[in-house]
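The figures that follow rest on heavy atoms only: side chains count, while hydrogens, waters and symmetry mates do not. Proteins get letters first, then strands, A, B, ... in listed order; numbering begins at 1 in each.
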Amino acid sequence: MQYWSKTYIPTLRESPAEAEIESHKLLLRAGLVRKIGGGIYAFLPLGKRVLDKVSQICREEMNAAGAIELLMPAVLPAEQWKAGPRWNAVREVMYSVSSAGADAKTSEDPQYVLGPTHEEVITPLIGSEISSYRDLGKTFYQIQTKYRNEIRPRYGLMRAREFIMKDGYSFDESDEKAEETYHQMAAAYEKFFARCGLTFISVEADTGIMGGTFSHEFMVPAEVGDDDIVYCEESGYAANVEKAKSGILMDGLAVEAPEGDLVEFETPGATTISALAKEPYKVAAAKQYKTLLYVGDDKLFAIVIRGCDDLQESKLGSLGYEFVRPATPDEIESVMGAKPGSLGVVNGTIKRRDRLDGVFADDAIRLIGNGVTGANKDGFHVKNVNIERDLDIDSFGDFRQVKPGEPCPKSGKPLKIARAIEVGHIFKLGTKFSESEFWGAKFHGSEKQIKPAVMGCYGIGVSRTVQAVIEQYRDEWGIVWPWSVSPYQVIITVLDPGMEEAADLAEKIGRAAESEGADVLVDDRDERPGVKFKDADLIGIPLRVTIGGRGLKEGIVEVKWRIEGDVRKVAIDRVVEVVTSSIRDKNSS
RNA sequence: CGGGGCGUAGCUUAGCCUGGUAGAGCGCCUGGUUUGGGACCAGGAGGUCGAAGGUUCGAAUCCUUUCGCCCCGACCA
């Protein structure tokens, strides 16, 4: 039982200017966190309690799924990362640390880094321990502060430079077992987010720099989310837009026969899809082949998509390059022979085809027959272009971004798109890390051969989850905590704290509530009732018991749920029972 | 890193354009009156106007530089 006067809950009537979105404002107003620097926050006592609740639920679900908790350091030797498979890709998000002294390394060549995640640490750690397949089938996890030099921290805890994450790593002897573990973890994640009260959806996701074979993200739908998810209510299909496919190709491929030979025509000044779609050319965007040039690991390659489509850059990851960036106009002209706006991949028109590492086309261009594309000659395009006959394409793939309303690849019904907050992400990693020759995790298999462990990794943004809950549970008055993660379940608002009878009753009710497992906050401040009610609503405690001098005279106290408007008057001799049974109901549901 | 915006008391802000000794509300302290949804009266404390440099008799205000923060884009739990 905590007394408000003894703890520290600095509520604010107005929102600090630094906060833009509601959940961030409430984090500050309810006295849960304070900003220390950009993307760096201190958890005040109330915020720490929520963090602990969420962490504890996470711990329980991880343990229930058979995972084992450990704790790794956050300060890590840079050497270990340099030996890993993704040093170049991750170093820009890592903070470097150098020890003081004459031989301290510069940030160009750091001696230590702060851990943004721990594959590079746990793989050699476990790898050096495990030598037999009999020791595999283990999943380790930790709940720890992570450091990422976010390019742009924002929205409070939503994207912070320092944040709390549950990260887990599984080691299995075979692909099948790894997949089983993956599904177990996915199930544990569902339980965890459900227990936090969140409405969420799990979606197929891009693996990004993590690599690996497949992955799912756990998304909380919210206007303020950073991600777009594509989903179909009919079939249950759901994917991050970075990964999502649509069923437009089910409509069929182009069947038009070539209408005639290729014809080059003059298009002075028309260097965009929309310019060609207008007079005098009138070529629909869906009939144009759009050619984009990218550089992957210093090699140029071309991507061809429909004029009406947008490239989804994440999908370029399937091409196997480590770094991908758009080519510069100079690079483009030197290889293609024309500036952007007149590019195409018609046979024989590319100036230096030998310098193109590849020409990749989106599957959807198969819907185009007798289309138009650039002639690789500034101010000229070509018409009657047909894929089989005319285009110099190495391979096809899925590179376009899905648009809302397109058919679901499973049901054919229109796809929807929504913003969401990513609160969890699980990956089946495979052997990307474990097969490292420097520090992999290899073991003796049952058939005497040495094999790398098949890994998975599983992340939950714990501090982000706290904010996602607020984003989902709030009203015009403040936070409306779900029972499970509320910093306190019961608040006893004592309107006349100086009155001995009131104070005694508060203690009696509080003790009874605690004995049922609830956390109790007693507002014993010498404040006016209005202030106390406003604060109780703001910090969002689910169950409020109000003890006032007026009620005591009538022999009653009031019981009110935060989510409801109704106040229940309860006789003093029944209040303990009412409160304890309410708590029992909540705890058992 | 590109584009935009903002830095004035613990919080919200006025003043800046058109230079002339910094103002309010909330919060805080003291006293009093109050006491069921952010009370009222009286008194009080609290500001190197983000920092540095410049222009000027004089700079919160004009100029330059710099730092910090927020928002939009690419990145992520």
- line: Between A:Ser215 and A:His425 the two heavy atoms that sit nearest each other are OG-NE2, 2.8 Å

- prompt: Taking the P atom of each, how far is B:A14 from B:U8, in whole Å?
  reply: 10 Å

- prompt: With nearest nucleotides of RNA chain B determined for A:Asp226 and A:Asp537 from heavy-atom distances, which residue corresponds to the more 5′ nucleotide?
  reply: A:Asp537

task: Could you check whether A:Lys532 gets within reach of a base, just the sugar-phosphate, or nothing at all, counting any heavy atom under 4.0 Å?
output: nothing

query: Hey, is the side chain of A:Arg13 pairing donor to acceptor with the base of B:C11 inside 3.5 Å?
result: no

- prompt: Using a cut-off of 4.0 Å on non-hydrogen atoms, how would the nucleic acid contact of A:Asp227 be classed: base, sugar-phosphate, or nothing?
  reply: base

task: Check every strand shown and say whether A:Arg325 touches a base, only sugar-phosphate, or nothing at a heavy-atom separation below 4.0 Å.
output: nothing

field: SB check A:Glu331 A:Arg325 (cutoff 4.0 Å)
entry: yes

query: Which part of the nucleic acid does A:Gly548 contact within heavy-atom distance under 4.0 Å: base, sugar-phosphate only, or nothing?
result: base

query: Under a 4.0 Å N-O cut-off, is there an ion pair linking A:Glu60 with A:Arg195?
result: yes

message: Closer than 4.0 angstrom, basic N to acidic O: yes or no for A:Arg525 and A:Asp535?
response: yes

task: Give the rounded distance in Å between these two atoms: CZ of A:Arg91 and P of B:C76.
output: 18 Å

task: Name the nucleic acid region contacted by A:Asp496, choosing base, sugar-phosphate or nothing; use a 4.0 angstrom heavy-atom cut-off, strictly under.
output: nothing

- prompt: Hey, does A:Ser15 reach any base, or is it just sugar-phosphate, or nothing, if we go heavy atoms under 4.0 Å?
  reply: sugar-phosphate

Pair assignment for B:G20, Watson-Crick or G-U wobble, requiring both distances under 3.5 Å: B:C57

query: For atom C1', what is the distance between B:U48 and B:U21, given to the nearest Å?
result: 15 Å

- prompt: With centres under 5.5 Å and planes under 30°, do A:Phe533 and B:G38 count as stacked?
  reply: no

query: Heavy atoms under 4.0 Å, any strand shown: does A:Arg152 hit a base, just sugar-phosphate, or nothing?
result: base

query: Counting side-chain heavy atoms from CB outward, which of B:G38, B:C70, B:A77 is closest to A:Arg29?
result: B:G38

- prompt: For residues 521-531 of chain A, which residues have at least one heavy atom under 4.0 Å from RNA chain B?
  reply: A:Arg528, A:Pro529, A:Gly530, A:Val531

- request: Measure centre to centre between the rings of A:Phe200 and A:Tyr189, then say whether the value is under 6.0 Å.
  value: no

task: Counting Watson-Crick and G-U wobble pairs only, both distances under 3.5 Å, name the nucleotide matched with B:A14, or none.
output: none

- prompt: Choosing from B:G37, B:G38, B:C76, which nucleotide comes nearest the side chain of A:Lys560?
  reply: B:G37

Phosphate OP1/OP2 of B:C76 contacted by A:Tyr155 side-chain N/O (<4.0 Å): no

query: Looking for any heavy atom pair under 4.0 Å, which part of the strands does A:Ala160 touch: base, sugar-phosphate only, or nothing?
result: base

field: Interatomic distance, A:Tyr95 OH vs B:C75 P [rounded to whole Å]
entry: 18 Å

message: Please give the distance between the C1' atoms of B:C67 and B:U30 as a whole number of Å.
response: 40 Å

message: Can you tell whether the side chains of A:Asp566 and A:Lys560 come within less than 4.0 Å, N to carboxylate O?
response: no

message: Tell me the interatomic distance from A:His425, atom NE2, to B:C75, atom P, rounded to whole angstroms.
response: 13 Å

- prompt: Closest approach of A:Ile143 and A:Glu69, non-hydrogen atoms and distance?
  reply: N-OE2, 4.4 Å

- prompt: Where each residue is assigned the nucleotide of RNA chain B containing its nearest heavy atom, which of A:Ser463 and A:Ile21 is assigned the position nearer the 5′ end?
  reply: A:Ile21

- request: Could you please name the partner base of B:A45, counting Watson-Crick and G-U wobble pairs only when both distances are under 3.5 Å?
  value: none

message: Could you tell me how far apart A:Tyr147 (OH) and B:C75 (C1') are, to the nearest whole angstrom?
response: 20 Å

- request: Pick the C1' atom in B:G31 and in B:C70, then give their distance to the nearest Å.
  value: 42 Å

- prompt: Could you give the CZ-to-C1' distance, from A:Phe163 to B:C75, as a whole number of Å?
  reply: 12 Å

field: Interatomic distance at C1', B:C62 relative to B:G46, whole Å
entry: 30 Å

message: In this structure, how many angstroms lie between the P atom of B:A39 and the CG atom of A:Asp535, rounded?
response: 11 Å

field: Closest to the A:Pro16 side chain, choosing from B:C70, B:G38, B:U12
entry: B:U12

B:G38 base / A:Glu14 side chain donor-acceptor hit below 3.5 Å: no

field: Residue pair A:Thr271 / A:Lys339, side-chain heavy-atom distance below 4.5 Å
entry: no

- prompt: Who is the Watson-Crick or G-U wobble partner of B:G38, with both distances under 3.5 Å?
  reply: none

Proximal nucleotide (of B:C71, B:C76, B:U12) relative to the A:Ala17 side chain: B:U12

field: Residue A:Arg154, side-chain heavy atoms: nucleotide from B:G73, B:A77, B:G37 that is nearest
entry: B:G73

query: Quick one: does A:Leu311's side chain get under 4.5 Å of A:Tyr294's, heavy atoms only?
result: yes

field: Interatomic distance where CZ belongs to A:Arg550 and P belongs to B:U35 [whole Å]
entry: 10 Å

task: Determine which nucleotide pairs with B:C1, using a 3.5 Å limit on both distances of a Watson-Crick or G-U wobble pair.
output: B:G73

- prompt: Mind checking whether A:Tyr458 and A:Tyr182 have side chains closer than 4.5 Å, heavy atoms only?
  reply: yes

message: Using the side chain to side chain donor-acceptor pair (under 3.5 Å) definition, which of the options A:Gln80, A:Arg86, A:Lys82 pairs with A:Glu120?
response: A:Arg86

- request: Using whole Å, report how far NE2 of A:His24 lies from P of B:C11.
  value: 14 Å

field: Span that lies between the P atom of B:C26 and that of B:G43, in whole angstrom
entry: 14 Å

task: For B:G47 versus B:U65, give the span between their P atoms, rounded off to a whole number of Å.
output: 31 Å

- request: Rounded to whole angstrom, note down the P distance from B:A51 over to B:A60.
  value: 10 Å

query: Does any nucleotide pair with B:A51 by Watson-Crick or G-U wobble geometry, both distances under 3.5 Å, and what is it?
result: B:U65

